[in-house]
There are 2 protein chains.
Amino acid sequence: MTTGETATPPRRRDAAKTRRLLLDAAIQRFTRDGYAATTVRDIADDAGVNVALISRYFRSKEGLFEACLTSSVDELRRNTGEAPLSRTPEAIARQIAGPCADGLPYHLVLLLRSSGDEGADRIRLGLLQSYSERLAAVAGWSPGSPEGDDLLLRAQVVLAAAAGIALLRTKTGLGPLAQATEEDLVPPLRDLVEALLKND
Amino acid sequence: MTTGETATPPRRRDAAKTRRLLLDAAIQRFTRDGYAATTVRDIADDAGVNVALISRYFRSKEGLFEACLTSSVDELRRNTGEAPLSRTPEAIARQIAGPCADGLPYHLVLLLRSSGDEGADRIRLGLLQSYSERLAAVAGWSPGSPEGDDLLLRAQVVLAAAAGIALLRTKTGLGPLAQATEEDLVPPLRDLVEALLKND
DNA sequence: GCCTCTAGTAAACAACTGTTGACTTCAAAA
DNA sequence: TTTTGAAGTCAACAGTTGTTTACTAGAGGC
């Protein structure tokens, strides 16, 4: 081997990059194993950096967890945009049925994790709130609308279903659900979305 | 006070009762906080008994967790019986919308908790499997039926939705969903069940 | 070249974890 | 009453946890 490595010059001592490595490793661990079952040494080892850097860059384990949540929230907002969601049940169903590796399901599982910290709870609640409102808007909901709570409730049932599906698929190897492809899942999910968000 | 207590003579040193106290306390803790975030000392304090008795009666923390799962599974089977579920979407919806304090939602949240132990995973999977099969039977599914996987998949989506709803209601204070009464929840859930399990 | 600021390291810390073994105490059998 | 076995207590254990502190080493400005 001549130089090894890829094209990138092996610039060491890159704080921003190290921070990113820690954040990515933490998101994976927290999503897969939960907050309490994950140790800071696990995360540091995955990232290939020293444990003490977690305290340096994120103040504490809880600080790192909050950073994971906001990072996830930001990426989710960036992907789906601020605009109302795609209007067709088909598109919504496809988003829920999408790959667990990234996309909505993956983020939802992380969003369901809890550290017991109040700050983290507020972040989580903020995203769930705004996402369910955008989902309700598909069915004709608007902030001050009459019968608003009913539409919002139905949107949140859709969101809960998405979360439950993501959880059952990744955490248990349940029946045909865990092995189902996106194409398998879209038809039933389209029915589900239509039944709950039909604007009639 | 003359005798205090109820009719039962205050028989102390009751192994069976102590075991029950530990099991009940553990179920509550594991359901609320998860496996890793719960310590054996928490459980023992809640039950008002000594920590060492956990090792004595359940061999280990994981043994206690498995006992919680099987206890929950047993109680669930006892409640819903072996017979096929109530056939009407209304009844199924009502079961999902029921109180989180006990009933199906409460057990589902515990069922979603994980200890990383293989034995526990098998117990969990067993119940989810059998329950989704009974749910699929409502829509006409039977063990060797054609297009069987599709019906089973739809039933598991219903189950996942129930789990997600229970989780969002108890772990986050989300919007109208967390405060919704059974009466609020039944209509949208009836629509959900009908859309997914209609046997046409 | 040297200096300095910061990224990264290593080791230790105190607190907490699940678990164990020797001990005490009660209640029923003899 | 004495004996005996099980129910419950106590204290300590070895390992792990998150965090901090003192330290080393590399990169850019002079």
Side-chain angles (χ1 to χ4, degrees), chain A residues 5 8-27 29-30 32-69 113-120, chain B residues 3-5 8-27 29-30 32-69 113-120:
Chain A
E5 297 295 325
T8 44
R11 179 127 64 101
R12 300 185 313 195
R13 306 195 84 121
D14 186 335
K17 182 172 186 174
T18 303
R19 216 190 107 102
R20 243 298 127 205
L21 284 172
L22 280 172
L23 202 59
D24 290 341
I27 289 177
R29 282 274 181 181
F30 285 145
R32 177 152 46 93
D33 305 331
Y35 179 82
T38 299
T39 73
V40 289
R41 285 175 174 84
D42 288 337
I43 298 170
D45 288 352
D46 286 354
V49 304
N50 194 280
V51 205
L53 296 181
I54 289 179
S55 298
R56 180 197 287 273
Y57 291 135
F58 300 96
R59 208 190 75 251
S60 67
K61 185 190 180 185
E62 287 209 340
L64 174 56
F65 184 65
E66 285 193 27
C68 289
L69 286 185
R113 301 300 193 178
S114 174
S115 71
D117 179 52
E118 201 174 314
Chain B
T3 59
E5 298 294 326
T8 44
R11 179 129 62 100
R12 302 185 311 198
R13 294 186 151 247
D14 185 335
K17 183 172 187 174
T18 304
R19 216 190 107 102
R20 243 299 122 205
L21 284 173
L22 279 172
L23 201 60
D24 290 341
I27 289 176
R29 282 274 182 183
F30 286 144
R32 177 152 45 93
D33 305 331
Y35 180 82
T38 299
T39 74
V40 288
R41 284 175 176 84
D42 288 337
I43 297 170
D45 287 351
D46 286 355
V49 304
N50 195 280
V51 205
L53 296 181
I54 289 179
S55 297
R56 180 197 286 273
Y57 290 134
F58 300 96
R59 209 190 73 253
S60 65
K61 186 190 180 185
E62 287 210 340
L64 174 54
F65 184 66
E66 285 193 27
C68 289
L69 285 185
R113 300 302 192 178
S114 175
S115 73
D117 179 52
E118 201 174 314

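Residue numbers start from 1 in every chain, and the chains themselves are labelled A, B, ... in the order their sequence lines are given, proteins ahead of strands. Small disclaimer: the values here were computed from a predicted structure and weren't measured.
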For this session: Answer yes or no: does a side-chain N or O of A:T18 lie under 4.0 Å from OP1 or OP2 of C:dG8?
Result: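 Answer is yes, contact under 4.0 Å.
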What is the separation between atom [atom1] on [X] and atom [atom2] on [N], rounded to the nearest whole Å?
| X | N | atom1 | atom2 | result |
| --- | --- | --- | --- | --- |
| A:L22 | D:dT19 | CG | P | 13 Å |
| A:R19 | C:dT6 | CZ | C1' | 16 Å |
| B:K61 | C:dG18 | NZ | P | 4 Å |
| B:I54 | D:dC10 | CD1 | P | 16 Å |
| A:L53 | C:dT6 | CG | P | 15 Å |
| B:D14 | D:dA6 | CG | C1' | 12 Å |
| B:D33 | C:dT17 | CG | P | 12 Å |
| A:R56 | D:dT20 | CZ | P | 12 Å |

For this session: Pull out every residue in residues 38-51 of chain A that has a heavy atom closer than 4.0 Å to any atom of DNA chain D, ordered by number, or say none.
Result: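 Of all residues in residues 38-51 of chain A, the ones placing a heavy atom under 4.0 Å from DNA chain D are A:T38, A:T39, A:V40, A:R41, A:V51.
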Exercise. What pairs meet the salt bridge (Lys or Arg N to Asp or Glu O under 4.0 Å) rule with one or both residues in residues 46-60 of chain B, with sequence neighbours excluded?
Worked result: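 Residue pairs with at least one partner in residues 46-60 of chain B: B:R29-B:D46.
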Problem set entry | Over all atoms of both residues, closest heavy-atom pair of A:A36 and B:A37 |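 Looking at all heavy atoms of both residues, the shortest contact is CB-N, 3.7 Å.
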For this session: Hey, could you give me the CG/CG distance between A:L64 and A:L53, rounded to the nearest 0.5 Å?
Result: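 With rounding to 0.5 Å, CG (A:L64) is 12.0 Å from CG (A:L53).
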For this session: Examine distances only and state if a side-chain atom of B:K61 and a backbone atom of B:Y35 form a donor-acceptor pair shorter than 3.5 Å.
Result: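 It does hold such a pair.
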Exercise. With sequence neighbours left out, what residues match A:R20 under salt bridge (Lys or Arg N to Asp or Glu O under 4.0 Å)?
Worked result: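 Only A:D24 meet the salt bridge (Lys or Arg N to Asp or Glu O under 4.0 Å) criterion with A:R20.
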For this session: Kindly indicate whether the side chain of B:F58, heavy atoms from C-beta on, has any atom under 4.5 Å from the side chain of B:E66.
Result: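 Contact flag for B:F58/B:E66 side chains = no.
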Exercise. When all nucleic acid strands are considered with a 4.0 Å heavy-atom cut-off, which category describes B:F58: base, sugar-phosphate, or nothing?
Worked result: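 No contact.
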